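One structure is given here, and the rest of the page talks about it.
By convention here, the first residue in the shown sequence is residue 1. It should be emphasised that the depicted structure is a prediction, and the values quoted were computed from it without experimental measurement.
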Amino acid sequence: MTVPHDDAPDPAYVPDRTHTAPAPPDRPHHPASAPAPDRPHSSHRASAPDRNAGPRTVAAPRRGRDRRARILTPRPGRPRVTGEPPRAAVVGGGIAGLAAATALAERGVRVTLYEREQQLGGRLAGRPVTLSDGTTATMSRGFHAFFRQYYNLRGLLRRADPGLERLHGLPDYPLWHSDGLRDSFARIPRTPPWNALAFAALSPSFRAADLAAMDPRAALPLFDVRVPEVYERLDGISAADLLERIRFPEAAHHLAFEVFSRSFFVHPRTLSAAELALMFHIYFLGSSEGLLFDVPDEPFPQALWEPLGDYLAGHGVRLLEGRPVDTVEPGPNGGFTVVAGDRADHHDAVVLALDTAGLRRVVAQSPRLGDRAWRTRIRRLRTAPPFLVSRYWLDRPVDRHRHGFLATSGYDGLDNVSVLERWEGEAARWAARTGGSVVELHAYATAPGIHRPTFQEGMLTKLRTLYPEIRDALVIDERHEWRADCPHFPVGGYQDRPTVRTPDPGVMVAGDLVRTELPVALMERAATSGFLAANALLERWGVRGQTLWTVPPRGRSAPLRALARLATD
């Protein structure tokens, strides 16, 4: 296996099928034997990087969808390990763990990946189920949108799918409110601030009187979001408080902006306003990639994780699925002993790529890991409220004009509806054979103490109201997933969140719960933090890590940035 030299030219981009212009810089993995060529063009590299500095941010090559995307180059080092390779344990097989394992293995580290479940993918995993008609289907944790701003996640997926052939774009992202208001992102330009102006002009949620009543001074910080400064300014108030300060129209508050906050599986009253502002920046005000997104053309295991697992196995990664880790203990002579059931293995370094509850459990059971302050912060981490994913196999189709994905508000807990046969091959084959439909419902941040069967039935009733053509449809089969394992980002909680680095230089943390001081969120934060964790370990071994990309690290408009500074002075 070879790694291209640092001064190798930037390879040509391969367009996604979902894009009409060249793909963003999540460029393809080239030969199966080499890691992705992830360097910027040599003309964008500093001549004398400071080894004591963090990753450098430089202007992106003027290619791809968003020309203001930024490259973060790792510190210099050898292209891969030499001599006896170090051993690294990656605990957790979700996006963060897969990213960390990929970057380490590609550079010659001996990686063992421990995953609690019997399959990879973490919160995007899937499991086989047998339906009442004898069909084998895949049940997952529900819909996930692969936005085109997810440069590092898409770069990870390219390892097994160089042209991202398994991702397909949905043509629209409609938003429906129960009072009849309808919004869409399909006709909105991608580039800020024109996208914000067009959305306000086209949306029925924004009336002239509402716009005149808004407080522009309170809204200006949204036009110059920087990390970590946004947390210093806004982590002390809730997302709902911020929108009330700005005096957003009530309809827009519920229809458009609550959709952002509920992407974190919480109510806006309990979400840090800094996270909401960061979301606006990533998806709307700071990036020209737009708000449309891609989805896999088959269930997550078949489309994404099984091919990536094969790729990792081909790079020597030992995949231990169905192996939850119990403890991680520092060794007396360096390194760490990772205990998983009756198995105890020694490793030179560890990446903890776990969900919130898993991280708390492993740290609590490993009393010599980290220091007291770090352990206290980990103990204070909390998860978001439970959420529900319900999937129904129906005996008749929904109307052919129904969108593949619909976000909803005002439907007493129903947050979105997916018609899976619109994009997923497995569901499409079942629908074609039976003449039915496969429909999935999401309910985020459910109330405590609800009676779950009654709530599930209520969600189905709301679906029949939304889509009256299936009012009398028979449910051939149904599956329900109740989960409560997403991180909670409460008001004032930023300082408690772990960073990638820990008090022990041989232990890193990765996942969407991690604060990275980069403009990333959700799945992209998971992928980015996994690569950052690998880079920190590779740096210890004198090896050059993975180059990363992000959306622009600040607001796009210089005049608006200046006004935002005045508003916060």
Side-chain angles (χ1 to χ4, degrees), residues 87-106 109-129 138-142 144 153 156-157 159-160 296 299-329 336-347 349-366 369 383 481 483-487 507-514 523 525-527 529-531 533-534 537:
R87 298 174 181 270
V90 176
V91 184
I95 291 172
L98 292 169
T102 296
L104 292 169
E106 286 176 341
V109 178
R110 291 185 181 175
V111 178
T112 300
L113 189 150
Y114 299 82
E115 168 53 41
R116 174 186 60 192
E117 304 295 339
Q118 296 293 338
Q119 59 279 323
L120 301 175
R123 295 202 294 275
L124 274 74
R127 57 184 174 84
V129 295
T138 306
M139 182 60 190
S140 71
R141 298 278 304 277
H144 284 75
L153 173 60
L156 172 65
L157 298 180
R159 265 55 173 208
F300 298 131
Q302 297 92 306
L304 308 178
W305 312 132
E306 291 169 6
L308 189 56
D310 292 341
Y311 174 85
L312 290 174
H315 282 71
V317 176
R318 184 170 53 166
L319 300 170
L320 301 182
E321 294 162 299
R323 284 277 185 171
V325 165
D326 301 311
T327 62
V328 177
E329 291 296 338
F336 304 87
T337 298
V338 176
V339 177
D342 58 358
R343 185 186 190 108
D345 293 311
H346 183 79
H347 301 276
V350 178
V351 177
L352 298 174
L354 296 158
D355 61 25
T356 302
L359 180 62
R360 290 178 60 200
R361 177 183 58 80
V362 170
V363 171
Q365 295 174 178
S366 308
L369 204 59
T383 58
E481 292 278 340
R483 301 281 181 160
D485 52 9
C486 296
V507 178
M508 304 295 157
V509 180
D512 58 351
L513 59 88
V514 170
M523 291 193 294
R525 183 182 287 155
S529 65
F531 282 128
L537 294 178

Salt-bridge criterion met for R159 and E106 (N-O under 4.0 Å): yes
Do E481 and M139 come close enough that some side-chain heavy atom pair is under 4.5 Å? yes
Pairwise distance CD(E117) to CD(E321) - rounded to 0.5 angstrom: 10.5 Å
Indicate yes or no for a side-chain donor-acceptor contact from R123 to the backbone of I95 under 3.5 Å, with no hydrogens or angles considered. no
Scan L359, V514, D512 and name whichever one has a side-chain contact (heavy atoms from CB on, under 4.5 Å) with P487. D512
Determine yes or no for a side-chain-to-main-chain donor-acceptor pair under 3.5 angstrom, with T327 supplying the side chain and Q365 the backbone. no
Taking only residues two or more places apart in sequence, or in another chain, which ones meet E306 in a side-chain contact (heavy atoms from CB on, under 4.5 Å)? P301, Q302
Any side-chain heavy-atom pair from L319 and E115 closer than 4.5 angstrom? no
I want to check something: taking the side chain as every heavy atom from C-beta on, are R343 and T112 in contact at a cut-off of under 4.5 Å? no
What closest approach, in Å, do L113 and A101 show between heavy atoms, and which atom pair accounts for it? CD1-CB, 3.9 Å
Closer than 3.5 angstrom, by distance alone: can the side chain of W305 be matched with the main-chain N or O of L98 as a donor-acceptor pair? no
Here the pair of heavy atoms bringing A89 nearest to V338 is CB-CG2, 3.9 Å
Give, for atom CG of L156 and atom OG1 of T102, the distance between the pair rounded to the nearest 0.5 Å. 5.0 Å
A344 to V339 - nearest heavy-atom pair and separation: CB-CG2, 4.1 Å
Distance check, rounded to the nearest 0.5 Å: M523 atom CE versus L153 atom CG? 5.5 Å
Under the 3.5 angstrom rule, does the side chain of S366 hit a backbone N or O of V363 as a donor-acceptor pair? no
Please give me the minimum heavy-atom distance between A533 and A510, naming the atom from each residue. CB-CB, 4.3 Å
To the nearest 0.5 angstrom, please state how far the CZ atom of R141 sits from the SG atom of C486. 6.0 Å
Interatomic distance, H347 atom NE2 to T337 atom OG1 [nearest 0.5 angstrom]: 8.5 Å
Do the non-hydrogen side-chain atoms of D355 and L513 ever get within less than 4.5 Å of each other? no
Chi angles and distances behind the side chain to side chain contact (heavy atoms under 4.5 Å, CB included) call for L369, L352: CA-CA 11 Å; L369 204 59; L352 298 174; 4.1 Å; yes
In short, A103 meets F531 closest at the heavy-atom pair CB-CD2, 3.8 Å
Looking only at heavy atoms, which two atoms of G511 and S529 are closest? And how far apart? N-OG, 2.8 Å
Residues forming a salt bridge (charged side-chain N to carboxylate O under 4.0 Å, His left out) with D326, sequence neighbours excluded: none
Answer yes when D345 and R323 have at least one side-chain N-carboxylate O distance shorter than 4.0 Å, and no when they do not. no
Side chains of L354 and V362, heavy atoms from C-beta outward: is any pair under 4.5 Å? yes
Beyond-backbone contact of L537 with V109, side-chain heavy atoms, under 4.5 angstrom: no
